[in-house]
Asks: 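Below is one structure. I have some questions about it.
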Amino acid sequence: MGSEIVFSESGKENFDEKIGSYDYLLVYSLSPDDCTPCFLQSIGVLDFHRNDLERFGVKVLLMIPEVSRVEAEEFMEQVGVDYPVLYEKDDEFRKANGLMNNPMCKTFVMDGNNKVIWIGSPVQNDKSWKRYCKMMEMLRKDK
């Protein structure tokens, strides 16, 4: 934790356009080797917590490989999920951010300065969600 996330020039432009400013950003990243249906199912679970995420002032960004674009767009349309998506070419994001090479680090929360403050999926299980909510409540009190 504490690592600064970097984007390629083209990725940064797309990122700024889709996200704008934020206090906290939950990044869900899919690698080309991951199970796309499993990833998409977790997005449905994440969407279940949308109100809480908004209450905490957390925006969500999905990072999906270009090769999974059609499947991802079809799924999101079917279930009505409308999170911003950056479609990644040539695994640029993972290559630029060494922490992304660890499977446990593909989902994380970063603050408005692109510093990682939470690693892992907050919706992985109830225990993770409760810890995540507690952390976000503490961070919001500090603002």
Asks: Side-chain contact test, heavy atoms from C-beta onward, threshold under 4.5 Å: evaluate it for L25 versus V60 and give yes or no.
Replies: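 Side chain of L25 against side chain of V60, heavy atoms only: no contact under 4.5 Å found.
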Asks: Could you tell me if the side chain of V67 sits less than 4.5 Å from the side chain of E88, heavy atoms only?
Replies: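 The answer is no, as the side chains (C-beta and beyond) never meet within the 4.5 Å cut-off.
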Asks: Can any side-chain N or O of K59 pair as donor or acceptor with the backbone N or O of S21 at less than 3.5 Å?
Replies: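 Looks like yes, one N/O pair under 3.5 Å.
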Asks: Any non-hydrogen side-chain atom of L61 less than 4.5 Å from a side-chain atom of Y22?
Replies: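 The answer is no, as the side chains (C-beta and beyond) never meet within the 4.5 Å cut-off.
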Asks: State, to 0.1 Å, how close V109 and Y24 come at their nearest heavy-atom pair, and which atoms those are.
Replies: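 Heavy atoms only, the tightest pair is CG1-CB, 4.2 Å.
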Asks: Start with the C-alpha gap between K130 and M135, add the side-chain angles, then the distance that decides, and say whether side chain to side chain contact (heavy atoms under 4.5 Å, CB included) holds.
Replies: CA-CA 9 Å; K130 287 175 184 170; M135 178 200 66; over 6 Å; no
Asks: Would you give the length of the straight line joining atom CZ of F56 to atom CG of N51, rounded to the nearest 0.5 angstrom?
Replies: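 Between F56 CZ and N51 CG, I get 11.5 Å after rounding to 0.5 Å.
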Asks: For the residue pair T107 and L26, establish whether any side-chain heavy-atom pair is separated by less than 4.5 Å.
Replies: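 Side-chain contact under 4.5 Å: yes.
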Asks: Could you pull out all donor-acceptor pairs under 3.5 Å where a side-chain atom in residues 72-81 meets a protein atom, sequence neighbours excluded?
Replies:
{"unit_1": "E73", "atom_1": "OE2", "unit_2": "R69", "atom_2": "NH1", "d": "3.4"}

Asks: Kindly give the heavy-atom pair with the smallest separation between F108 and V116, and that separation in Å.
Replies: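 Nearest heavy atoms, F108 then V116: CD1-CG2, 3.9 Å.
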Asks: Applying salt bridge (Lys or Arg N to Asp or Glu O under 4.0 Å), can you list everything that pairs with D111, at least two apart in sequence or on another chain?
Replies: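 Salt bridge (Lys or Arg N to Asp or Glu O under 4.0 Å) list for D111, sorted by chain: empty.
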Asks: Hey, what do you get for CG (L86) to CD (E66), rounding to the nearest 0.5 Å?
Replies: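 Output value for this atom pair is 11.0 Å.
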Asks: Measuring only between side-chain heavy atoms, which start at C-beta, is S68 closer than 4.5 Å to Y87?
Replies: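 No, too far: nothing below the 4.5 Å cut-off.
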Asks: Going by an N to O cut-off under 4.0 Å, is there a salt bridge joining R131 and D126?
Replies: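 Answer for the salt bridge query: no.
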Asks: With side chains defined as the heavy atoms from C-beta onward, is the minimum distance between H49 and Y132 less than 4.5 Å?
Replies: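 They are not in side-chain contact.
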Asks: For the residue pair M110 and W118, establish whether any side-chain heavy-atom pair is separated by less than 4.5 Å.
Replies: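 No, too far: nothing below the 4.5 Å cut-off.
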Asks: I need the N113 CG to I5 CD1 distance, nearest 0.5 Å.
Replies: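 Between N113 CG and I5 CD1, I get 12.5 Å after rounding to 0.5 Å.
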Asks: Answer whether the closest heavy-atom distance between the side chains of I64 and Y28 falls below 4.5 Å.
Replies: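 No; the side chains remain at least 4.5 Å from each other.
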